[in-house]
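As structure tokens, the structure follows; a few thoughts come after it.
We name chains A, B, ... by the order of the sequence lines, and we start the count at 1 in each one.
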Amino acid sequence: MPVVKLNNAYLERLTKTDIKTIRDNLPMMGSEVEREEEEQTDVQFFPNRPDLYSAEGTARAMRGYLGIETGLPTYAVKPSGISFTVDPKRATIRPYLGSAVIRNVHMDNAMIESLMGLQESLHWAVGRGRKKVAIGVHDLDRIEGPFSYVAAERSTTFVPLDYDIPMTMDQILAEHPKGKAYAKIVEDLPLFPLIHDAKGRVCSFPPIINGELTRVTEDTRNILLDVTGIEPRAVMVAVNIICTAMVEMGATIESVDVDGSTTPTLAPTERTVSVAACNALVGIAVTAEEMKGLLERMRFDAEVLDADRVRVTIPCYRADIMHDHDIYEDVAIAYGYDKIPASLPPTFTVGKPHPVQEIYSLVRGILVGMSYIENTPFTLTSERVSYAMMNRPENPAALHVLHPISEDQTIIRTDILPMLMESLSLNRSRELPQRIFACGDVVESLVTYPKMAAASIHTVADFSEIYAVVDAFCRMAGLSYEVRESEDPAFLDGRRGDVYVAGKKVGVFGEISPDVLVAFGLEHPVAAFEMDLSDLL
Amino acid sequence: MDLTINEKRVLARLAEMKSADAAALAEKLNAPADSVVQWAHLCADRDLAVLEKNVAETAVLTEEGKKYAAAGLPERQVLASMQGPTPMGELTKHPLSKIAIGWLRKKNWIAIDKGVVTAAANVPEGEDEVALKHPVAGTAGCKELVKRGLAEIVETVSWTISITPAGADIAAAGLDLREEVGTLSREQIVSGEWKNLPLRRYSVDKLPKKIYGGRVHPNQQILDEIRALLFEMGFTEFHGSIVQNAFWNFDSLYQPQDHPAREMQDTFHLAEEIDLPEGWEKIRDIHMTGGDTGSTGWGGAWSPEVARKCVLRTHSTSLSIQHLAKNPNPPVKAFSISRVYRRETIDPTHLPEFEQLEGIVMDKDLTFGHLLCFFKEFFGRMGFESVRFRPGYFPYTEPSVEPEVWVDGLGWVELGGAGVFRKEVTAPWGIDCPVLAWGLGVSRVSMLRMGLKDLRQLYRSDIDWIRATPVRRV
């Protein structure tokens, strides 16, 4: 989740209240205050509310929540007369473009930082790392419309931001820090997206980098916004959020004609919701009038149609309102979670454990009774620990994770005994004897099933000791079993047995082979057993 | 007075000898001298005997000292080798000259003039040389040898043990010197003979050897407590596969296919695929357009291929929704504590796998308020008395809440998430009642309850930590 850095003085000025009140109320509006500093407050907002990712957006919501300014914020848009032509070839590379002209911009450093921070957070949350949506802002007074959004040859050159020499677009991907960071989004395309002005001057190579020519500074008075992407709804969400935040800064918005359609409109949408449904979901009993008041504090407009129906007008920056329930949640937040009347669910049911967990409890009972200490090891392991160090062939039914994070976690365990050997290894400086066991899920092919293993290490641990434990375990678990000679290479020849239940091999026990002991750094005999518990189900 | 057999034997002997050297007493008792001293100390603790410690110092020659005792001190040997005035250059050829010349000068045994060395006449035997022949601790000559590292002073401790009048009285009254009995035999018990035997008395002050019983892992114990609590509240347990396709792990929970949590840096993906269940088209429609749920959906494309791909379950909600799909009729109260997997590097607070508790309550007329109250009750029973609710966000619930508990020293700690399942999640499976759902990072609860700083201890446990963790926590 993005951490948004809010300048305290600027936030106070926008919200018209003190920073303490703001900080106290931020969590209850749905965010987490990460850090409080003298000049700055770092806040983590949820991914469903990108409209809050700036001081302007946060202040707008906070003014409503605190009752300082409620109801729908309205945004006037007049035509700029500026147009964008769109190259049909771009449809196959990065099809959608949203734009706006932002005038009367007077940004101080705090405002520029807020805008850049908003842009970055939107790239993450709405843009999915610029793949879905990328945003560019340009000093409009350095360029001239009409503008063109084209699919350009990769050899096209321009001076990218932070450089002073022209580079080809291929060169930018190879050399520019932003080019290297985002190259994977475009590198396979035959042509690259490009925005230039009437005189062919390059403004932007979306989603990678802007041109140096249109850099936005404190002296910038008019801005051209471009938002490109692969999903039209997300593109407009970004346009709306940037434009409405700029209005909060004091700017005015003008629309741009993109291939015959006007963008943006900043027009609200409407949804008629039910008071009864809201009360039933949240567990409160508000009237239509009260619901209207609560919605206005969340910056909606609401009109009471009758005792049950309220028509809600939703500001254009609220991308998260997909269903009536999203509006009911805002009613609940405005109402205050702590004020919602509390009572336990009246539902009567009789509880019971799951059969697999019952088996695990049974195993624990038996093994603890024989003085074994339980371990709860990881289920992620490696072929090295599970097979090579155990002297066993690899199990073709083991599932491999595609992008392991370390060499120790490449597969899901098919056995538990190797995890116990690791535990003995970890505890090799601890007092002997050590008798440990573990039970839990293993996976072969796509099937999750229950297993258990136990191991005993001390100077005279041997076959007879563990045979007695296996025998006691099976008797206690009500399993009638038989033992045949085993060929499991993890154990010593002549000191190992396979356990059969109803003619099916379910387990193995014996003295661990010294090769295996040495591989795990152990110096004393280990007697161990492992069993598939599926038959106990 | 409860005397041990050994104390009695010491007293009995002392009664005859009145006072004796420990070695002599030991010989009589046929026991090691240091054991006798130990027994005598026990008698002394009861004022039945008095011990007097005598420390004797003996001088002993070192290896080097012994060598010189035979051949003479280096300076004596060099002196003896001189025949008339000798040039210094000549003298330094003597193998002992390095040690000897300094001493020769210090003792004024030689005079040096213009590089020629002349020996003094008739040099008498010094105190050190006397001591070298017969080292006696404390003499000036011996001290000199100790300084030169040619002799060492060894302390020998001996004890004189005497009986006190009280001890003598006890001895006079008669002591039972029969051997004490430790473990009773079958015959001694059955015959009643034990009544007349001198039974060894054990001291309660001496701590026993530590033993360790078998035990359930401390973390599992907490999980079992939580399970018991939920059974009490009428919840049924569910359990499921570690491997899930993306459909059940993400898509059925209304997580869009381009959601960042689905990417390979956060989730363990597998090459395997699992076919989509019947009715998957409804999920597709909901993602793209909202289907018939009244939702707008996410928009954009939705791919069944992406949904078939397998992952290691990232949350137990993937099991909850399958439990609901199988049990779409109210009432349902169910939970699971399951390992879940996140692609995290191992460090003290992050692990690629950990336990998550997930619970669902489905019934007619349930509200978000019921969920909040349930949480208060549940956390209260787990020992967290102060609970507050912060609005939260999860793609599959609305309203959503992040409950926080107050932990002294840490402040408000977020322990999980909860909410009412979205219509987009429940409608495809024919569920028309509200479903309250909640998840809880129980590994975090375990850490708080046990005061652990390192999450790894739960899964790669130091056996001494398990042995030392009390089964009952206060």
Side-chain angles (χ1 to χ4, degrees), chain A residues 27-28 30 46-48 128 132 231 233 280-283 322-326 329 332-333 337-338 340-345 347-354 356-357 364 367-380 399 401-403 405 409 412 426-427 430 434 441 443 446 448, chain B residues 213-217 219-220 230-231 234-239 241-243 258 260 264 268-272 274 294-296 299-300 331 333 339 343 345 352-353 361 363 366-370 372-374 376-377 388-391 393 398-399 401 420 422-423 458-464 466:
Chain A
M28 292 309 148
F46 293 120
N48 64 328
R128 304 292 192 232
K132 199 174 176 185
E231 210 275 297
R233 211 153 82 180
L281 176 69
V282 180
M322 294 190 274
H323 192 274
D324 294 351
H325 283 202
D326 296 300
E329 180 184 63
I333 291 172
Y337 280 9
D338 289 336
I340 296 173
S343 67
L344 282 174
T347 309
F348 176 81
T349 46
V350 175
K352 63 171 193 292
H354 190 273
V356 169
Q357 297 293 353
R364 286 185 195 110
L367 270 296
V368 166
M370 293 195 278
S371 289
Y372 277 69
I373 288 179
E374 187 182 21
N375 273 230
T376 53
F378 286 131
T379 55
L380 288 166
L399 294 187
V401 302
L402 285 179
H403 308 281
I405 210 155
Q409 290 143 348
I412 289 279
L426 189 77
N427 285 296
R430 300 304 187 207
Q434 289 173 22
D441 295 350
V443 179
L446 290 169
T448 300
Chain B
R215 63 164 296 165
V216 170
H217 191 277
N219 186 39
Q220 184 61 44
L230 288 160
F231 295 138
F235 282 77
T236 288
E237 191 173 33
F238 57 90
H239 182 89
S241 179
I242 288 175
V243 181
D258 65 356
M264 69 161 220
F268 285 114
H269 290 264
L270 305 172
E272 284 73 12
I274 296 178
S295 168
T296 62
K333 267 161 71 182
R339 283 284 168 93
R343 205 168 163 277
T345 310
E353 53 177 301
V361 184
D363 201 2
L366 288 179
T367 71
F368 183 60
H370 287 129
L372 300 184
C373 186
F374 167 79
K376 268 200 176 132
E377 175 74 20
R388 77 168 187 182
F389 300 111
R390 230 164 25 81
Y393 170 72
E398 194 81 7
V401 56
V420 183
R422 296 185 72 102
K423 287 277 182 232
L458 298 181
Y459 302 96
R460 285 184 183 160
S461 306
D462 181 338
I463 195 166
D464 278 359
I466 305 181

Derivation of the side-chain contact (heavy atoms from CB on, under 4.5 Å) call for Asp338(A) and Phe389(B): CA-CA 7 Å; Asp338(A) 289 336; Phe389(B) 300 111; 3.8 Å; yes

Full working for side-chain contact (heavy atoms from CB on, under 4.5 Å) between Asn375(A) and Ile466(B): CA-CA 9 Å; Asn375(A) 273 230; Ile466(B) 305 181; 4.2 Å; yes

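When heavy atoms are compared at a cutoff of 4.5 Å, Val356(A) approaches chain B solely by way of its side chain, counted from C-beta outward. Heavy-atom distances place no part of Leu367(A) under 4.5 Å from chain B, backbone and side chain included. Contact of Glu398(B) with chain A is made through backbone and side chain together, with heavy-atom distances under 4.5 Å. Both the backbone and the side chain of Gln357(A) come within less than 4.5 Å of a heavy atom in chain B. Residue Phe374(B) touches chain A through both its backbone and its side chain, counting heavy-atom pairs closer than 4.5 Å. Residue contact with chain A, scored on non-hydrogen atoms closer than 4.5 Å, involves the side chain of Glu272(B) exclusively.
Of all the heavy atoms in Pro391(B) and Met28(A), the pair that sits closest is CG-O, 3.2 Å.
Side-chain atoms of Glu374(A) never come within 3.5 Å of backbone atoms of Val216(B) as a donor-acceptor pair (strictly under, hydrogens ignored). Panel note: side chain Asn427(A), backbone Asp464(B); no donor-acceptor pair is recorded below 3.5 Å. Side-chain atoms of Glu353(B) come within 3.5 Å of backbone atoms of Thr379(A) as a donor-acceptor pair (strictly under, hydrogens ignored). Side chain of Ser241(B) to backbone of Thr448(A): no donor-acceptor contact under 3.5 angstrom is found. Arg343(B) places a side-chain N or O within donor-acceptor distance of the main-chain N or O of His403(A), the cut-off being under 3.5 Å. The backbone N or O of Leu458(B) sits less than 3.5 Å from a side-chain atom of Thr376(A), completing a donor-acceptor pair. Glu237(B) places no side-chain N or O within 3.5 Å of a backbone atom of Pro353(A) that could act as its donor or acceptor partner.
With sequence neighbours excluded, the residues that form a salt bridge (Lys or Arg N to Asp or Glu O under 4.0 Å) with Asp462(B) are Arg430(A). Residues satisfying the ring pair (Phe, Tyr, Trp, His ring centres under 6.0 Å) criterion with His370(B), sequence neighbours excluded, are absent altogether.
Ion pairing of Lys132(A) with Asp258(B) is present here, as a side-chain N (NZ or NE/NH1/NH2) and a carboxylate O approach within less than 4.0 Å.
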